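What you are looking at is a predicted structure, and each value in this text was computed from that prediction instead of being measured. All ligand and atom numbering here is 1-based and tracks the order in the structure.
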Amino acid sequence: MIIHPDFLWGASTSAFQIEGAAHLEGRADSIWDVFLRTPGQAGHDDNAEVACDHYHRHAEDVALVRALGLNAYRFSIAWPRVLPQGRGAANEAGLAFYDRLIDALLSAEIEPWLCLYHWDLPQALSELGGWQNRDIAGWFADYAALVARRYGDRVKRFATFNEPCVFTLFGYGLGWHAPGIADKTALHKAIHHVNLGHGRAVDVLRRDVAGASIGAIHNRQPCYPATEDPADAAAALRLAAYWNDAFPLPQAFACYPPELADAIAPYVLPGDMAQIARPVDWFGLNHYSPHYVKADTNLIGAGFGPAPASVPRSAIGWPVVPDAFRDTLLDIHRRFHLPIYVLENGTAANDVIDPSGHIRDDDRIAYLAAYTAALEQAIRQGADVRGYFVWSLLDNFEWGAGYSQRFGIVYVDHVSQRRIPKASARWYADMIAAHRTSDDPAGPHNRAEAEG
Ligand code: FCB
């Protein structure tokens with residue numbers, strides 16, 4: 001099997017993590033702005049008021065994407081920038097920012113991938129219950145319609161949600177992320193209303209954008225029991241239901257995983273499951289590393305344990321298991337029968353600028369080399385993978401870790417805002433170029449394998 005010449009090589013970002021300009025030109029608070037104001041809550045007491053100042057530096061950032069030879073770029077719209085109260089009056093200045101970004105991408109021949117929701121819910125809607133309020137499915141559909149009509153002439157790739165499992169579980173179940181709620185009822189309502197919002201938005205995008213290519217972005221990782229204790233095995237099944245299946249299953253097959261069905265049933269009205277399971281065009285995958293699950297007293301009875309000592313780990317302690325990535329791709333292929341786009345994969349590392357001004361992030365290069373090799377294996381074994389987007393273009397605001405974790409292939413000095421491509425950026429650009437120019441239909445990795 002080959003990496004097709006039309007394969008998309010991209011980079012992903014999200015609005016809250018890079019834009020800054022948090023209170024400029026009409027943007028109102030999101031739940032994350034508010035959450036971060038509570039000292040000790042999350043984010044190392046950092047905030048995202050300025051972040052990477054991408055709002056003002058988007059032209060420079062698009063030029064970086066182009067210089068690396070990427071042919072796709074994923075960003076998200078900040079809902080509270082374009083609809084400050086979440087519904088009602090739109091903010092023209094906010095809408096115009098994304099016009100500028102999209103136009104810059106198109107003139108650089110980079111395909112824009114627009115994600116509607118990467119966690120920054122307007123605070124005004126959170127005060128009405130946020131994802132716990134069933135009406136939000138309609139508010140989200142109206143927001144999708146605004147975005148579709150404004151940008152649908154130029155953007156064709158639309159994702160409804162980024163990692164619904166993470167923002168529902170961490171935001172409404174465990175209280176680690178905004179809005180900081182830890183309540184089982186809240187979690188189960190949120191799961192169902194996000195799914196409903198997804199289905200409603202798919203309908204709107206189909207209706208309003210000619211030629212739209214639509215999907216959702218799911219974080220999927222194997223959930224292994226951390227030990228041989230049967231309690232850990234049971235916990236792993238519970239976590240897998242919330243993490244891997246609570247969204248893809250209803251969206252593809254109109255049913256909740258058996259572990260969750262009874263808990264969510266009280267919120268499901270007639271017709272909901274058909275409304276959720278609207279046909280989509282692709283499966284978006286974010287993948288980093290497997291979970292090693294331990295029984296826990298938290299409200300889902302499952303916690304994140306350490307990986308066994310034999311499992312290699314990244315600089316921030318995340319397990320590095322490329323085979324799990326390959327197997328996840330093959331599993332998605334078998335179960336969902338959709339083209340797959342990997343829309344996030346990457347690692348944080350302890351990046352430092354050396355005396356010559358370079359960032360030699362060999363750990364990141366090793367991670368990306370191993371994971372892209374696993375991607376090729378999955379393709380060779382039959383998975384229909386059409387694109388790979390690295391997380392992330394820039395060092396940015398990493399949610400609970402604030403600026404302490406650097407995921408970018410481009411270093412950002414958060415004081416001067418200077419951007420410095422790391423060694424991994426060059427490695428990524430060279431790898432992409434090698435794939436594009438290879439006269440061997442099996443591609444460079446395959447040739448190495450044949451020789452080795
Ligand atoms: C994912 C998020 C993304 C970033 C990476 C490291 O879960 O979608 O915003 O935080 O992890």
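- Atom NE2 of residue His118 and atom OG1 of residue Thr13 lie 8.5 Å apart, to the nearest 0.5 angstrom.
- Between Trp79 and Phe140, the distance separating the two ring centers is shorter than 6.0 angstrom.
- A donor-acceptor pair under 3.5 Å is absent between the side-chain atoms of Tyr55 and the main chain of Ile18, judged by distance alone.
- Near Trp391, meaning under 4.0 Å from any of its heavy atoms, are these atoms of ligand 1: 3 (C), 4 (C), 5 (C), 6 (C), 9 (O).
- Atom 1 (C) of ligand 1 has Glu344 OE1, 3.1 Å as its closest protein atom, hydrogens excluded (heavy atom only).
- Scanning the protein heavy atoms around atom 10 (O) of ligand 1, the nearest turns out to be Glu398 OE1, 2.7 Å.
- Ligand 1 has no atom lying under 4.0 Å from any heavy atom of Gln405.
- Between Val166 and ligand 1 there is no heavy-atom distance shorter than 4.0 Å.
- The Phe407 neighbourhood of ligand 1 comprises atoms 6 (C), with distances under 4.0 Å to a heavy atom of that residue.
- Residue Gln17 has at least one nitrogen or oxygen atom sitting less than 3.5 Å from a nitrogen or oxygen atom of ligand 1, judged on distance alone.
- Two rings, from Phe161 and Trp131, have their centers less than 6.0 Å apart.
- Every residue meeting the side chain to side chain contact (heavy atoms under 4.5 Å, CB included) condition with Arg154, not counting sequence neighbours, appears here in chain and number order: Asp99, Ile102, Asp103, Leu106, Tyr151.
- Counting only heavy atoms of the protein, atom 7 (O) of ligand 1 lies nearest to Glu163 OE1, 2.5 Å.
- For Asn162, a nitrogen or oxygen atom sits less than 3.5 Å from a nitrogen or oxygen atom of ligand 1, counting backbone and side chain alike.
- Salt-bridge annotation for Asp331 and Arg220: present, with a side-chain N of the basic residue lying under 4.0 Å from a carboxylate O of the acidic one.
- The nearest heavy-atom contact from the protein to atom 5 (C) of ligand 1 is Tyr288 OH, 3.3 Å.
- Using a 4.5 Å cut-off on side-chain heavy atoms (C-beta onward), Leu394 and Arg419 make contact.
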